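The block underneath contains the structure these notes are about, expressed in structure tokens.
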Amino acid sequence: MLCILLSALIICTGCVHTNLDEGYSLIRIHIRAESNDARDQAVKLQVRDAVCAYLESELSDVNDFQSAYDGIEKRLKTIEKIADEVLSKAGFGYTSHARLNNEYFPTRSYEGIVVESGYYDALILELGAGKGDNWWCVIYPPLCYLEANGTGGIRYRSKIKEIWDKYFS
């Protein structure tokens, strides 16, 4: 029994990535604000929260890159609708545009997991002209997702890091 458990642990170690590079299939999310005006930047974060919550729910059973990509692609109009509802409710006259694209991203660290710079598939969500500062993360595999922190706020967590910490810390 111990041999089986150790074998499974060794196999799982190979499934957890602490350094993700271009060869590892992932999908980023990139939300571009209308401008750098404080109100545009604030609503960008509201859109982020609504869209990430939706994607977390809709893609929770996805286990491979192609399914994640296809799932996002078929939900682009719904993603725009969610973003547009947030924008409208906040009193903005501009709308959003969602698309999938392959773009360059710099190196980024997510609580100890490094995603190397390179070209990655990404869900691009432009708010209005999309000329302001942006927010981005990885949505497949889910390196960021929403969780209430007990104070009415939201924090982002890494599922992969939690698995790594659970078994290897």
Side-chain angles (χ1 to χ4, degrees), residues 8 11-34 43-89 94-148 154-164 166-167:
I11 290 169
C12 287
T13 302
C15 299
V16 178
H17 297 271
T18 56
N19 193 23
L20 302 175
D21 60 24
E22 288 182 77
Y24 186 75
S25 298
L26 54 88
I27 303 171
R28 293 184 179 225
I29 181 172
H30 196 188
I31 302 175
R32 299 173 179 160
E34 160 76 5
V43 79
K44 171 190 71 183
L45 299 178
Q46 293 173 14
V47 169
R48 169 201 68 189
D49 295 346
V51 169
C52 285
Y54 168 73
L55 290 173
E56 163 67 20
S57 169
E58 291 296 304
L59 302 177
S60 63
D61 295 333
V62 171
N63 294 316
D64 63 270
F65 172 84
Q66 194 60 53
S67 296
Y69 190 93
D70 293 345
I72 293 166
E73 188 171 45
K74 77 178 188 180
R75 291 173 173 86
L76 290 174
K77 291 298 179 193
T78 302
I79 291 166
E80 287 177 351
K81 181 180 176 193
I82 291 167
D84 291 349
E85 287 174 357
V86 171
L87 293 169
S88 177
K89 189 175 180 181
Y94 55 82
T95 59
S96 66
H97 175 68
R99 71 184 189 284
L100 284 165
N101 199 30
N102 189 273
E103 296 191 358
Y104 179 83
F105 288 87
T107 298
R108 176 90 187 246
S109 176
Y110 299 89
E111 296 185 30
I113 296 173
V114 176
V115 180
E116 297 296 333
S117 64
Y119 286 88
Y120 294 93
D121 290 308
L123 165 59
I124 308 298
L125 182 58
E126 291 182 343
L127 308 180
K131 301 290 184 192
D133 289 341
N134 59 74
W135 176 88
W136 49 275
C137 196
V138 175
I139 53 177
Y140 179 82
L143 294 184
C144 57
Y145 63 98
L146 299 172
E147 177 187 80
I154 293 181
R155 70 182 183 102
Y156 287 82
R157 298 181 358 194
S158 165
K159 286 185 179 180
I160 292 175
K161 182 162 181 354
E162 287 176 7
I163 293 167
W164 180 263
K166 180 178 178 180
Y167 293 103

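The structure displayed is predicted, hence computed values, not measured ones.
For N102, the CG atom counts as densely surrounded, since its 6.0 Å shell holds more than 12 non-hydrogen atoms of other residues, nucleotides or ligands.
Closest heavy-atom contact between L125 and A83: CD2-CB, 4.1 Å. In terms of heavy-atom proximity, I82 sits nearest to A50 at CG2-CB, 3.7 Å. Across I27 and A122, no two heavy atoms sit closer than the pair CG2-CA, 4.2 Å.
Atoms CG and CD1, on L123 and I79 in that order, are 4.5 Å from each other to the nearest 0.5 Å. Atom-to-atom distance recorded for F105:CZ and R28:CZ is 5.5 Å, nearest 0.5 angstrom. Taking CD1 from I124 and CG from N134, the interatomic distance works out to 9.0 Å, rounded to the nearest 0.5 Å. In this structure, L87 CG and Y94 OH are separated by 5.5 Å, a value rounded to the nearest 0.5 Å. With rounding to the nearest 0.5 angstrom, the CG atom of D84 is 3.5 Å from the OG atom of S96. Here CD1 of I72 is found 3.5 Å from CD1 of I139. Values are rounded to the nearest 0.5 Å.
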> Given the rule in the side-chain contact (heavy atoms from CB on, under 4.5 Å) test, do V43 and V86 qualify, once you have shown the distances and angles that lead to the verdict?
Replying inline: CA-CA 8 Å; V43 79; V86 171; 4.2 Å; yes

>> Pair T78, E58 - check side-chain contact (heavy atoms from CB on, under 4.5 Å), show working.
In response: CA-CA 11 Å; T78 302; E58 291 296 304; over 6 Å; no

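Under the salt bridge (Lys or Arg N to Asp or Glu O under 4.0 Å) criterion, E34 pairs with no residue at all, not counting sequence neighbours. Not counting sequence neighbours, K74 has no partner by the salt bridge (Lys or Arg N to Asp or Glu O under 4.0 Å) test. Partners of E73 by salt bridge (Lys or Arg N to Asp or Glu O under 4.0 Å), not counting sequence neighbours: none found.
A donor-acceptor contact shorter than 3.5 Å links the side chain of E80 to the backbone of A98. At least one donor-acceptor pair under 3.5 Å links the side chain of Y140 to the backbone N or O of N63.
By the 4.5 Å heavy-atom criterion applied to side chains, Y120 and V138 are not counted as neighbours. Considering only heavy atoms from C-beta on, L127 comes within 4.5 Å of I31 through its side chain.
For N101 and E103, the side-chain atoms include at least one donor-acceptor pair closer than 3.5 Å.
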